[in-house]
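Chain naming here is simple, since letters A, B, ... match the order of the sequence lines and numbering starts at 1 in each. Both backbone and side-chain heavy atoms feed into the values below; hydrogens, waters and symmetry mates do not.
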Amino acid sequence: MKKLMMVVLVILVGLQSCNSKKEESNTKIETEVISELSVFNLPSEWTTQDNKHIEIKELKGNVLVMVMIYTSCKTACPRLVADMRQIEQLLPEKYKSDVCFLLISIDPKTDTPERLKAFAIKNKMMSKQWLFLQSTEENTREFAAVLGVNYKKIAPIDFSHSNIISVFNKKGELVFQQEGFTTSYDTIVSKIIGEVSKAN
Amino acid sequence: MYKGDKKAFFLLLFFLLFVSLNAQNTKMVLIKKGSFVPLYGDVNKKSVTIDAFKMDIYPVTNEEYLSFLKEKASYRRSVIKRIFADISYLEYWKNDLDYGENNGKAPVTNVSWFAAKKYCEYKGKRLPALDEWEYAAMADQKHRDARTKVAYNNDILGWYEKRNTFNRSVGQTCKNYWGLYDMHGLIWEWTFDFNSIFLSGESRKDRNTDVSLFCGGASVNATDLMNYAAFMRYAFRSSLKANYSSRNLGFRCACDVK
């Protein structure tokens, strides 16, 4: 068992993304009961922009700010991505290490890890807080269903989709959703700070 | 004598083959490839092509769901996690493994999308896609697409006025063109991508929201007027979340054609 833990630790340290700081709490992941409403109950596996395979529950202990997009989108997504960046910038530095910003592709066929990586670079979302994920169409549909995000493919590389940014607490429970576009980020930023300040 | 034996042998072989084929197919029928223009607001009213697939003849019943729960303990009412099913999951059942006074042959309802999906996976099947479901459901007894027929629409709207149809046994409504029962008449059904329609919060382009579905404008359009019943289904689906459950919402499974 200890050996297994070590392996898990090594892998997690190796990830070097927003979850890597969680070494000390990894031992807890195995034993702690996951809350009933937590997204960590979802078994799906995701691939990051760095071609690493992760499960959402590996992000436990972080406050998660999440949005569903697709990289070839010309209209709403750039705005959503800008919103995410704005939120990240408005968040005081001291909280950032406990927050993970996730951008999940609703077009996994097109959005390969390489493409997600290029998208991250282009949008200057390179720091370790940013995580771009893709999975199978089925896992994506399931995840969207949990978030209450609706989407539909309307052409080969064109989707219509809900514009929702979701905030999950450290236990993976949905605590806040910002729907549609807004010019004020106060509510969502203070919500994130509130959740970071809470104990694990 | 020898010839007779041989004949008997072939008869038996044929019989066995027939029985085994029947055992596999009694519960599913083939829905052939075709295309149709769905109701929801694709601005161009483009037609969608549906590849051939198989679909359960009947919705999943209380009895069938019970046998699933006997195997899959984590989907029992007292155990299932709230993210997968809300508080009204199977609320009309007496307890975890007893549907009480309810009709065992009636469709199981108050099941969440997650539970329905799991059931189908357990059976080696999947939930039908929304377009597949609508494609299969637009048939009446004689036509693949009966949406412009007055009787077809009146039947469905007549059902909407009846109460507590969910406790009726499956297989008593008319068999449609494909051999399916109860696509209308008892319950509404989950589809895999139920969350692909928009009520609000979508603004990729304003004209792309299906807003015409939800205001009086919808009924100006001739095809929509014919299909008010479908409009009701789309509106209902758009109000759902994956862990919701409701007394008039059940499901059936589908699978690809191999």
Side-chain angles (χ1 to χ4, degrees), chain A residues 33-44 56-57 67-70 72-80 83 106 136-156 158-166 168 171-174 177-182, chain B residues 38 40-46 48-49 74-75 78-87 89 112-118 120-121 126-127 129-131 190-211 213 234 237-244 256:
Chain A
V33 178
I34 293 172
S35 132
E36 288 214 1
L37 281 168
S38 174
V39 281
F40 303 143
N41 288 305
L42 299 174
S44 49
I56 303 289
K57 69 173 174 226
V67 71
M68 297 189 90
I69 53 136
Y70 63 108
S72 36
C73 169
K74 301 277 189 299
T75 46
C77 314
R79 181 63 207 276
L80 279 173
D83 277 354
I106 54 171
T136 60
E137 295 204 2
E138 182 161 350
N139 287 340
T140 310
R141 181 61 69 186
E142 180 173 88
F143 208 82
V146 169
L147 292 187
V149 168
N150 289 11
Y151 67 92
K152 180 165 187 69
K153 194 170 193 161
I154 51 178
D158 207 1
F159 289 75
S160 59
H161 60 100
S162 323
N163 297 311
I164 297 178
I165 296 179
S166 306
F168 292 83
K171 295 178 201 158
E173 296 159 344
L174 184 62
Q177 287 194 310
Q178 176 181 294
E179 206 169 326
F181 298 121
T182 165
Chain B
Y40 59 81
D42 188 314
V43 276
N44 305 316
K45 291 268 171 206
K46 265 187 305 203
V48 174
T49 301
S74 61
Y75 282 81
S78 64
V79 187
I80 194 162
K81 294 194 165 126
R82 283 289 155 260
I83 192 170
F84 298 130
D86 69 8
I87 193 98
Y89 177 68
S112 66
W113 178 82
F114 284 108
K117 182 169 166 283
K118 192 69 187 182
C120 293
E121 283 166 8
R126 60 176 172 81
L127 281 173
L130 192 156
D131 285 341
W190 280 111
T191 57
F192 176 67
D193 51 346
F194 73 96
N195 59 344
S196 62
I197 21 177
F198 299 95
L199 177 63
S200 64
E202 190 273 347
S203 50
R204 187 187 146 274
K205 289 175 192 140
D206 278 339
R207 65 188 178 90
N208 235 351
T209 59
D210 291 341
V211 69
L213 263 179
Y234 280 98
R237 284 181 192 126
S238 82
S239 73
L240 294 170
K241 281 192 174 168
N243 66 344
Y244 283 13
D256 296 342

* To do: May I ask you to decide if A/Ser35's main-chain N or O and B/Arg82's side chain share a donor-acceptor pair within less than 3.5 Å?
  =>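 Here the side-chain-to-backbone pair does not exist.
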
Shortest non-hydrogen separation from [X] to [Y] and the atoms involved:
X	Y	answer
A/Leu42	B/Phe84	CD2-CE2, 3.6 Å
B/Ile83	A/Val146	CD1-CG1, 4.0 Å
A/Ile34	B/Lys81	O-CE, 4.5 Å
B/Ile80	A/Glu36	O-OE1, 3.8 Å
A/Gly148	B/Lys241	CA-CE, 4.1 Å

* To do: Counting only heavy atoms closer than 4.5 Å, note whether B/Phe192 contacts chain A via side chain, backbone, both or neither.
  =>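 Both backbone and side chain.
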
* Run the salt-bridge test on A/Glu142 and B/Lys117 with the 4.0 Å N-O cut-off and return the result as yes or no. =>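 Yes, A/Glu142 and B/Lys117 are salt-bridged.
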
* **Part of A/Val39 lying under 4.5 Å from any heavy atom of chain B** =>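 Interface part for A/Val39: both.
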
